Amino acid sequence: MQQVQRKLHRDLPPTRLWTYGGASPGPTIETRSGQGLLIEWANELPPRHFLPIDHTLHGAEASRPEVRGVVHVHGAKAPPESDGYPEDWYVPGQSRTYYYPNQQEAAALWYHDHTMGINRLNAYAGMFGLFLIRDDAEDALNLPKGPYEIPLVICDRLLRQDGQLDYPVSGDEARPWVSEVFGNVMVVNGKAFPFLEVEPRRYRFRVLNASNARFFHLSLSNGQTFHQIGTDQGLLPAPVPLERSSLAPAERADLVIDFAGHGGEHIVMNSDSFQVMQFRVKQGQSSASSALPAQLRPVPKIPESTAVRTRALGLIEKKTMTGDSMTMLLNGMPWHAPVTENPVLDSVEIWTLINPTDDSHPIHLHMVRFQILDRRRFEPYYYQTSGELRYTGPSTPPDPEEAGWKDTVRADPRMVTRIIVRFEGFPGRYVWHCHILEHEDNEMMRPYDVVAK
Ligand code: C2O
Ligand code: CU
Ligand code: CU
């Protein structure tokens with residue numbers, strides 16, 4: 001973990017960033033399934049933070065050191081002592097060595113800071129990177145690789161005229177926390193509005209939404225269809241044709257875009273009204289040998305009948321008198337309340353995420369992968385007053401591009417979202433939380449225990 005000055009754009013002065021290994025995103029770590037890996041994460045950050053800490057937040061009290069770090073590999077089936085528990089932070093001059101067994105299928109995981117109370121600031125400062133796991137089944141598919149497989153780590157940032165990161169504050173000096181941060185610039189692989197020269201052939205893009213709060217809806221300016229071949233935890237059963245790919249914070253999309261027949265074109269990737277990046281397609285023909293297989297990897301459905309327990313979990317937003325959101329709670333409970341979610345190792349549970357708020361909350365569980373069962377409208381007011389669910393519509397299955405292994409799920413506003421999880425891996429303490437980092441830092445995170453059989 002190091003502070004550096006890096007140019008985000010040719011026309012901007014260098015920006016102060018906090019990084020892993022001197023760049024944001026940090027180095028892409030490539031691993032193989034079944035091959036364990038030890039990483040020493042050394043905290044070499046400077047003694048002072050440069051973003052506005054809110055000392056009223058739990059875990060960020062003024063009595064704690066200002067600069068702290070701890071690394072979590074998002075999506076990793078890692079033992080609890082190597083998972084980057086938010087309270088396992090350490091200060092500059094210290095380091096921790098974590099073990100990643102990588103006993104899991106090929107997928108695009110990512111690593112990022114997870115420090116209690118200042119996670120949103122450390123991540124915003126630049127502390128994240130990709131962690132790819134590969135395996136034989138994926139290799140056998142002959143997907144675009146080498147120079148034709150490109151990570152796209154996308155985040156939005158508020159940049160000041162002097163090129164420095166701006167992190168907005170509430171206006172209340174004692175309590176600077178704001179409920180969401182949205183940038184004015186899209187940064188891809190550490191560059192604002194970059195372009196990429198591509199050959200007129202198929203490319204595979206490993207896309208990560210590394211934003212604190214912004215949801216992306218990615219499309220191409222020529223209206224071209226592309227394919228999503230994988231989601232958070234690896235390959236989908238079959239490619240899904242799309243004109244728009246939606247990504248909540250922390251979600252990943254494995255996309256194949258075919259530039260054949262577009263020689264000489266400049267194609268812009270947009271997200272809503274933002275330009276994300278540009279592809280400049282070279283003229284000519286290319287001798288591409290990669291394929292887009294019709295079948296990728298089977299994703300066997302976890303039968304609902306195997307669930308030993310169903311948990312109803314409300315996502316609750318507390319508002320101030322003026323209607324601003326103040327705190328968000330999972331299941332109505334703050335971080336420090338006793339553990340309530342305690343699944344047994346290897347057992348299957350259904351988690352029913354009840355979202356009466358007007359926000360979509362991307363909910364992430366550490367250590368496990370899961371499947372989305374369905375989403376269903378309900379009456380938020382009736383739920384908030386009576387605690388009972390009254391549905392107002394039919395349940396809808398996940399979108400085809402979500403119908404694979406996930407580790408983060410959109411709990412959409414005024415919807416009940418059901419996921420089914422097998423708690424495979426290790427016994428011990430993990431966390432589950434909203435991946436809007438401002439929410440996570442303000443109590444929208446809970447510990448959970450995987451209990452040994
Ligand atoms: Cu992206 Cu708790 O993680
Ligand atoms: Cu995680
Ligand atoms: Cu949230």
Side-chain angles (χ1 to χ4, degrees), residues 25 59 70-80 82-89 98 100 104 107-120 122-124 127-131 133 153 155 177-182 208-215 232-233 247-252 313-319 325-331 335 353-370 405-415 417 421 425-426 429-448 450:
V70 61
V71 189
H72 167 61
V73 177
H74 178 126
K77 200 201 280 185
S82 291
D83 194 53
Y85 194 69
E87 290 175 344
D88 289 347
W89 49 265
Y98 279 178
Y100 305 100
Q104 54 191 109
L109 316 183
W110 63 299
Y111 58 100
H112 59 76
D113 187 77
H114 219 305
T115 309
M116 198 73 206
I118 53 170
N119 182 16
R120 71 196 183 292
N122 286 356
Y124 193 82
M127 293 170 71
F128 50 81
L130 272 185
F131 185 111
I133 300 183
V153 178
C155 61
W177 177 84
V178 292
S179 61
E180 271 123 32
V181 167
F182 297 108
L208 159 67
N209 182 349
S211 303
N212 280 32
R214 188 182 292 281
F215 288 60
D232 306 336
Q233 284 281 327
L247 281 178
E251 282 188 310
R252 285 86 74 206
L313 303 160
L315 316 181
I316 313 293
E317 219 166 80
K318 289 207 173 149
K319 306 235 178 197
S325 68
M326 194 171 66
T327 305
M328 338 238 163
L329 300 173
L330 294 175
N331 208 14
W335 169 257
L353 306 168
I354 306 162
N355 182 3
T357 75
D358 296 327
D359 285 325
S360 185
H361 298 280
I363 299 296
H364 168 51
L365 277 66
H366 282 210
M367 212 256 298
V368 291
R369 58 179 189 175
F370 55 76
W405 291 108
K406 297 281 293 168
D407 58 40
T408 306
V409 59
R410 275 186 291 108
D412 282 338
R414 301 173 296 281
M415 298 276 250
T417 302
V421 196
F426 304 88
R429 180 150 301 176
Y430 292 92
V431 298
W432 68 287
H433 59 88
C434 176
H435 224 289
I436 292 178
L437 299 183
E438 285 71 31
H439 296 184
E440 176 188 330
D441 268 347
N442 195 359
E443 301 287 0
M444 208 167 190
M445 173 161 72
R446 289 278 294 150
Y448 85 89
V450 178

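Every value quoted in this text rests on a predicted model; they were computed, and no experiment measured them. In listed order, ligands and their atoms are each counted from 1.
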Checklist entry - Parallel, tilted or perpendicular: which describes the rings of Tyr100 and Phe131, with under 30° parallel and over 60° perpendicular? => result perpendicular
Checklist entry - Should the pair His435 and His74 be assigned to parallel (<30°), tilted (30 to 60°) or perpendicular (>60°) ring geometry? => result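 Judged by the thresholds at 30° and 60°, the geometry between His435 and His74 is tilted.
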Next on the checklist: What is the name of the N/O/S atom of His361 that is nearest to the Cu ion (ligand 3)?
Outcome noted: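 Restricting His361 to its N, O and S atoms, the minimum distance to the Cu ion (ligand 3) goes to ND1.
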Checklist entry - Short question: side chain of Asn209, backbone of Glu251 - any donor-acceptor pair under 3.5 Å? => result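 No.
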Checklist entry - What's the SG-the Cu ion (ligand 3)-ND1 angle here (Cys434, His439), rounded to 10 degrees? => result 130°
Next on the checklist: So, 2.8 Å as the limit: is an N/O/S atom of His435 located closer than that to the Cu ion (ligand 3)?
Outcome noted: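 Given the 2.8 Å cut-off, His435 does not count as a ligand of the Cu ion (ligand 3).
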Checklist entry - If you stand at atom 2 (Cu) of ligand 1 and look out to NE2 of His433 and NE2 of His114, what angle do those two lines make, to 10°? => result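 Here the angle at the metal atom is close to 110°, to 10°.
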Item to check | Minimum heavy-atom distance Leu130-Tyr111, with the two atoms named | outcome: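 Smallest heavy-atom distance, with atoms named: O-CE2, 3.3 Å.
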Checklist entry - Which atoms form the tightest heavy-atom contact between Glu438 and Ala213, and what is the distance? => result OE1-CB, 3.9 Å
Checklist entry - Within His366, is some N, O or S atom less than 2.8 Å away from atom 2 (Cu) of ligand 1? => result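 It does: His366 brings an N, O or S atom closer than 2.8 Å to atom 2 (Cu) of ligand 1.
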Checklist entry - Hey, is the Cu ion (ligand 2) within less than 2.8 Å of some N/O/S atom on His114? => result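 Looking at His114, which is the residue asked about, there is no N, O or S atom under 2.8 Å from the Cu ion (ligand 2).
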Item to check | Presence of N, O or S from His72 under 2.8 Å of the Cu ion (ligand 2) | outcome: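 Yes, within the cut-off.
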Checklist entry - Mind checking whether His364 and Trp110 have ring centres under 6.0 Å apart? => result no
